[in-house]
Number of protein chains: 2
Amino acid sequence: MTTHLTIGELARGTGTKVETVRFYEKSGLLPAPGRTAGNYRAYGPSHLSRLSFIRRSRDLGFSLDQVRELLDLADERDRSCEAIDAIAKAHLAEVERKIADLTALRQELDRMITQCGCGTVADCRIIDALSPRVA
Amino acid sequence: MTTHLTIGELARGTGTKVETVRFYEKSGLLPAPGRTAGNYRAYGPSHLSRLSFIRRSRDLGFSLDQVRELLDLADERDRSCEAIDAIAKAHLAEVERKIADLTALRQELDRMITQCGCGTVADCRIIDALSPRVA
DNA sequence: ATACACCCTGTAGCAACTACAGGGTCAAGC
DNA sequence: GCTTGACCCTGTAGTTGCTACAGGGTGTAT
């Protein structure tokens, strides 16, 4: 009679929604746990730590595919961690690209907004900026 | 016999995929054009400029809902453009929030990666950073 | 006994497209 | 006139990462 966690407890313990836990199971990220007599999922500590790993990775913006890879790699304890490094670096590059994109965007939006004198729509600089040049 | 554009020409003219044009029509963003005898969509200049507006807005990161609003507002030429300003400002705020989030993320990823000495997985700092503290 | 919180499965929905499948149309070339 | 090929049509399903039911069953407290 080892104590186990219900799906609700596991979810609360990791800041996850119950549906999301089931979704991770269906996606093959979280192994299917045993069941109680009443067909309830019964989780152990390994599930808790695996789910925590998933959540942290997700919070850091890794995709589910990347998380899957990281989990697989994490299990091969004595291999080189180059592959892990590569995933992290790829993700970092992606994040940096997004930052650059958004920063350029911010500038454009900023420019658009400061030009808007908030008169009528007809001479709104925002609409103007969005409208195609008449050829 | 006014010249008209086929969907492919319209798409090429605005840097859009054909399927996306049809998708915009189904979503109510682009009015359904007339048809030729052979049931081909026949677009005019108004479609071209409307689709350009949509693409520009999308490139600036506005959601389709926001684009819909902007399009509606843009047509009421003599109303005040406050509402437009509000949408743009809300979007700018959203972009700034994302930049802040991603910047924090980058820092964490950076820290993780520089700590990785790239030895074996067992002492990989990245996996370490992702793993839950053992209570 | 019955209320209530929780669990189960399965399906459908969100954004914003993208990618077929399985057809029809049209202009050019032989 | 017939075929080839590029284009067009509709409709549906896939993508990512969940979230939200619907329609049930379970467990516990009163």
Side-chain angles (χ1 to χ4, degrees), chain A residues 1 3-30 32-43 47 51 53-71 87 90-91 94-95 98 101 105, chain B residues 1 3-30 32-43 47 51 53-71 87 90-91 94-95 98 101 105:
Chain A
M1 181 213 127
T3 59
H4 63 263
L5 298 166
T6 66
I7 195 169
E9 287 160 353
L10 184 73
R12 271 190 296 281
T14 53
T16 314
K17 298 209 173 178
V18 167
E19 287 97 334
T20 306
V21 177
R22 286 195 282 249
F23 167 75
Y24 286 159
E25 179 181 324
K26 213 165 38 179
S27 315
L29 280 166
L30 199 59
R35 298 287 178 127
T36 65
N39 199 32
Y40 284 18
R41 286 170 179 81
Y43 294 98
H47 291 101
L51 182 51
F53 185 102
I54 296 169
R55 294 306 301 177
R56 267 174 186 264
S57 305
R58 293 287 303 130
D59 284 349
L60 286 171
F62 287 99
S63 72
L64 290 189
D65 266 354
Q66 287 175 320
V67 176
R68 229 182 303 270
E69 284 188 75
L70 288 172
L71 281 166
I87 293 172
H91 181 42
E94 177 73 2
V95 167
K98 276 187 191 158
D101 283 0
L105 210 63
Chain B
M1 182 214 126
T3 60
H4 63 262
L5 299 167
T6 66
I7 195 169
E9 287 160 353
L10 185 72
R12 270 190 297 280
T14 53
T16 315
K17 300 208 171 177
V18 167
E19 289 96 332
T20 306
V21 177
R22 285 196 282 249
F23 167 74
Y24 287 159
E25 179 181 325
K26 212 165 41 178
S27 314
L29 279 165
L30 199 60
R35 298 287 178 126
T36 66
N39 199 30
Y40 283 18
R41 287 172 179 82
Y43 295 98
H47 291 101
L51 182 52
F53 185 100
I54 295 170
R55 294 307 302 177
R56 267 172 185 268
S57 305
R58 294 286 305 129
D59 284 349
L60 286 170
F62 288 98
S63 71
L64 289 190
D65 266 354
Q66 288 175 320
V67 175
R68 228 182 303 271
E69 283 188 75
L70 288 171
L71 281 167
I87 293 173
H91 180 42
E94 178 71 2
V95 168
K98 277 187 191 157
D101 283 0
L105 210 63

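Reminder, nothing fancy here: chain letters follow the sequence lines and each chain counts from 1.
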Could you list where the contact with chain B starts and ends along DNA chain D, reading 5' to 3', using a 4.0 Å heavy-atom cut-off?
dC7(D) to dT12(D)
Hey, is the side chain of Tyr40(B) poking within less than 4.0 Å of OP1 or OP2 on dG24(C), counting only N and O atoms?
no
Comparing Glu9(A) and Gly38(B) on DNA chain C - which has the more 5′ nearest nucleotide:
Glu9(A)
Heavy atoms under 4.0 Å, any strand shown: does Arg22(A) hit a base, just sugar-phosphate, or nothing?
base
Heavy-atom side-chain contact between Tyr43(B) and Val21(B) under 4.5 Å:
yes
Partners meeting ring-ring contact (aromatic ring centres under 6.0 Å, His included) with Phe62(B) (sequence neighbours left out)
His91(B)
CG of Leu29(B) to CZ of Phe53(B): how many Å apart, nearest 0.5 Å?
10.5 Å
Rounded to the Å, how far apart are Lys17(A) NZ and dC6(C) P?
15 Å
Of the candidate nucleotides dA19(C), dC7(C), dC17(C), which contains the atom at the shortest distance from the side chain of Tyr24(B)?
dC17(C)
d(CD1, Ile54(B); P, dA15(C)) in whole Å:
16 Å
dA15(C) P sits how many Å from Asp65(B) CG, rounded?
7 Å
Can you tell me if the side-chain N/O atoms of Arg58(B) get under 4.0 Å from OP1 or OP2 in dC17(C)?
yes
Walking DNA chain D from its 5' end, the first of Arg35(B) and Arg12(B) to be reached, judged by nearest nucleotide, is Arg12(B)
Touch check for Ser63(A), heavy atoms < 4.0 angstrom, all strands: base, sugar-phosphate only, or nothing?
sugar-phosphate
Could you check if a side-chain atom of Leu5(A) sits within less than 4.5 angstrom of a side-chain atom of Arg41(A), using non-hydrogen atoms only?
no
Here the pair of heavy atoms bringing Ala11(B) nearest to Lys17(B) is CB-C, 4.1 Å
Answer with base, sugar-phosphate or nothing: what part of the nucleic acid does Thr6(B) contact at a heavy-atom distance below 4.0 Å?
sugar-phosphate
Can you check side chain to side chain contact (heavy atoms under 4.5 Å, CB included) on Arg58(B) and Leu64(B), steps first, answer last?
CA-CA 7 Å; Arg58(B) 294 286 305 129; Leu64(B) 289 190; 3.3 Å; yes
Closest-nucleotide 5' rank along DNA chain C - winner of Ile7(A) and Thr20(B)
Ile7(A)
Residues passing the salt bridge (charged side-chain N to carboxylate O under 4.0 Å, His left out) test with Asp59(B), sequence neighbours excluded, are none
